[in-house]
Amino acid sequence: MSPEIARLILQATVDTLYMVLVATALGTLLGLPLGVFLATSRRGELFSAPWLNAVLGFIVNATRSTPFIILVVAIIPFTRLVAGTSIGTTAAIVPLTVAATPFIARLIEAAVREVDQGLIEAARAMGASPLQIVAKVLVPEALPGIVLGLTLAVVSLIGYSAIVGVVGGGGLGDLGIRYGYQRFMPEVMGAVVVVLIVLVQGVQSLGDRLALRLNKRLRHA
Amino acid sequence: MTVNAHSPITADAAIPASAEEDAIIRFEGVAKSFPARKNSAAVHALAGIDLAVPRSSIVGVIGRSGAGKSTLIRLVNGLEKPTAGRVIVDGTDVTRLDERTLRSVRRSIGMVFQHFNLLSSRTVFDNVALPLEIAGTDRRTIEQRVNPLLELVGLADKRGRYPAELSGGQKQRVGIARALATQPKVLLSDEATSALDPETTRSILDLLATINRELGLTILLITHEMAVIRAIAQRVAVLDAGRIVEQGDVFDLFTRPQHETTRSFLAAESGRELPAFVASQIRPEPVPGGQVVVRIVFRGPFATHPVLSQLARELGIDVNILGGAVDSIAGRPFGTLIVGLPNNGSSLDKALAFLKARDLDTEVLGHVA
């Protein structure tokens with residue numbers, strides 16, 4: 001493999017990590033409150049707002065059921081509005097974030113719903129406000145599950161990031177298509193696949209280890 | 001904000017203290033129904049509840065599951081709202097408070113739970129500190145408050161452990177320390193020992209009794225076990241299908257139960273249970289030439305008097321002792337005897353009159369050959 005190709009692969013890896021990590025960070029920033037709200041706003045729950053819950057739930061489902069490649073194309077005007085352009089690595093962060101947010105919200109919702117209702121009751125009995133219950137009980141208790149969910153989200157986004165190559169998004173997927181497929185360079189394709197496998201493995205085992213460390217339920221006397 | 005300040009009393013919620021009894025918790029004509037839903041009819045969880053909890057006492061509410069105990073105890077800290085009536089806690093009608101005011105009132109009411117409800121992500125220390133953090137207490141005060149509480153419940157050496165590393169009894173001790181952190185006026189105990197084995201139950205009840213005695217803390221507890229009531233309560237209310245069917249002094253209730261539900265709760269208590277050989281033969285109709293089975297309850301000073309030998313001597317009636325026990329509740333002795341008396345009208349009536357004259361309670365249970 002020539003040094004130029006190696007440099008291309010390195011650059012593509014950096015681009016992929018950049019897109020995925022920024023999209024995950026933004027997706028978490030938006031998805032965390034959304035997920036917590038979805039988990040606590042059915043009738044009779046902490047922030048009881050069944051109507052808003054239903055509407056947000058519908059939007060989340062609609063976004064998640066749109067195939068990512070169609071989402072990327074469909075929101076090009078929005079991407080241009082936010083990023084100033086619809087082409088390039090930075091622009092690709094916009095559709096990635098739009099896809100990541102509802103996904104992360106659902107994962108966080110599931111993790112928060114796992115928290116024992118008895119803990120919410122205990123916190124209420126102590127005189128905690130709903131926001132205190134979220135900050136001091138729900139999120140800390142759901143944290144191991146949230147970390148596992150975010151790990152899953154990062155792995156999925158690494159996959160999604162390969163698709164944004166289609167609209168000039170750059171990154172490993174783009175490199176694989178342009179060099180490996182269109183220029184008949186199977187060794188580039190092979191290298192891209194290997195790097196992706198290593199990335200996913202690394203992210204997964206990092207997430208698993210962090211979740212395990214945060215989970216105090218598994219300790220025994 | 002100080003955490004042990006008196007609960008704010010809004011002008012219209014203030015209730016003048018009752019002159020005849022200093023009750024820290026008072027239920028007045030309380031009812032609670034849950035509205036009908038798509039696939040369930042309306043549920044009347046509580047009706048016509050009148051109950052007073054004297055300051056610094058331990059009051060128990062006993063009932064089977066579904067009797068409304070959980071709803072009743074949750075009315076005290078406003079986790080449930082009644083559909084009618086008032087719940088007055090230390091002079092404040094908590095049913096009329098808005099959520100915000102209610103939150104500060106809750107800081108003066110501790111609560112312990114059947115399943116402990118500890119945060120798995122927090123250490124023992126941090127679990128006990130949680131109510132103080134919620135109240136906005138500074139870290140120094142939290143240290144000063146939590147450490148003595150861990151000493152009190154005997155877990156000072158476990159402060160850095162997580163709940164998963166503790167036994168059930170230790171978890172409940174953390175729960176109790178947590179409930180005391182804000183120096184409450186009232187402690188609510190929601191089946192606190194129901195998930196524990198008998199020995200651990202004993203030690204947790206001892207701890208609650210100690211707290212009541214040394215801190216003068218009022219405890220309202222709910223349970224389905226008479227043994228819990230007997231061990232620590234001074235007053236008791238029996239709840240059945242959402243109504244209080246009997247209430248009063250624990251000693252009176254144990255020795256003179258009036259209601260069928262109360263009797264069934266007492267059935268397994270010492271001296272009240274029929275010996276197996278009697279239980280298998282007893283029948284409701286008289287047996288010719290047989291005996292009448294009578295339960296005699298001795299209360300207070302009579303518990304140690306030789307009444308039966310007097311009965312035999314003075315009336316010449318043979319008394320056949322079938323079973324019994326002498327025990328004490330809250331330091332007051334009482335005895336229960338199950339005896340067989342000859343089944344001929346006149347001597348049975350004389351015997352019952354003799355016992356009644358000595359202020360003993362008798363109850364004809366049935367007949368045996």
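Within every chain, numbering begins at 1; the chains are lettered A, B, ... in the order of the sequence lines, protein sequences first and strands thereafter.
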Practice item. Any chance you could lay out the side-chain contact (heavy atoms from CB on, under 4.5 Å) test for B:R106 and A:R124, step after step, and finish with the verdict? Key: CA-CA 8 Å; B:R106 282 177 184 149; A:R124 288 185 63 208; 3.7 Å; yes
Review point. Of all heavy-atom pairs between B:F113 and A:A125, which one has the smallest distance, and what is that distance?
Key: CZ-CB, 4.2 Å
Check your understanding: Using non-hydrogen atoms only, which part of A:Q132 is less than 4.5 Å away from chain B: side chain, backbone, both, or neither?
Key -> side chain
**Study point:** B:E99, CD: over 12 other non-hydrogen atoms inside 6.0 angstrom
**Key:** yes
Check your understanding: Could you give the distance from CG (A:N215) to OG (B:S120), rounded to the nearest 0.5 Å?
Key -> 6.5 Å
Exercise for review: Identify which one of B:E133, B:R178, B:R107, B:R103 satisfies the side-chain contact (heavy atoms from CB on, under 4.5 Å) criterion when paired with A:M126.
Suggested key: B:R178
Study note, to complete from the structure: Whatever's closer than 4.5 Å to a heavy atom in chain A on B:L79 counts as both
Review point. When heavy-atom pairs shorter than 4.5 Å are enumerated against chain A, which of B:D190, B:L130, B:T123 gives the highest number?
Key: B:L130
Study note, to complete from the structure: Correct closest heavy-atom pair for A:L119 and B:L118 would be CD2-O, 3.3 Å
Practice item. Give a yes or no on whether A:F78 atom CZ has more than 12 heavy-atom contacts from other residues, nucleotides or ligands under 6.0 Å away. Key: no
Check your understanding: Under 6.0 Å from the CD atom of A:Q201, do we count more than 12 heavy atoms belonging to anything else shown?
Key -> no
Exercise for review: Determine, for B:E165 against A:K216, whether the closest basic-nitrogen to carboxylate-oxygen distance falls under 4.0 angstrom.
Suggested key: no
Point to revise | Crowding at CD, B:Q144 (>12 non-hydrogen neighbours, <6.0 Å) | key: yes
Point to revise | Interface residue of largest heavy-atom contact number with chain B, from A:A123, A:P144, A:A135, A:S129, under 4.5 Å | key: A:S129
Practice item. Take A:R217 and B:Y162 through the side-chain contact (heavy atoms from CB on, under 4.5 Å) test and state the conclusion after the steps. Key: CA-CA 8 Å; A:R217 254 173 271 185; B:Y162 288 92; over 6 Å; no
Exercise for review: Would you give the length of the straight line joining atom OG of B:S70 to atom CD of A:E121, rounded to the nearest 0.5 angstrom?
Suggested key: 8.5 Å
Practice item. Find the one option among B:R122, B:M111, B:R74 whose heavy-atom pairs under 4.5 Å with chain A are most numerous. Key: B:R74
Review point. Would you say the side-chain atoms of B:N117 pair up with the backbone N or O of A:G118, donor to acceptor, closer than 3.5 Å?
Key: yes
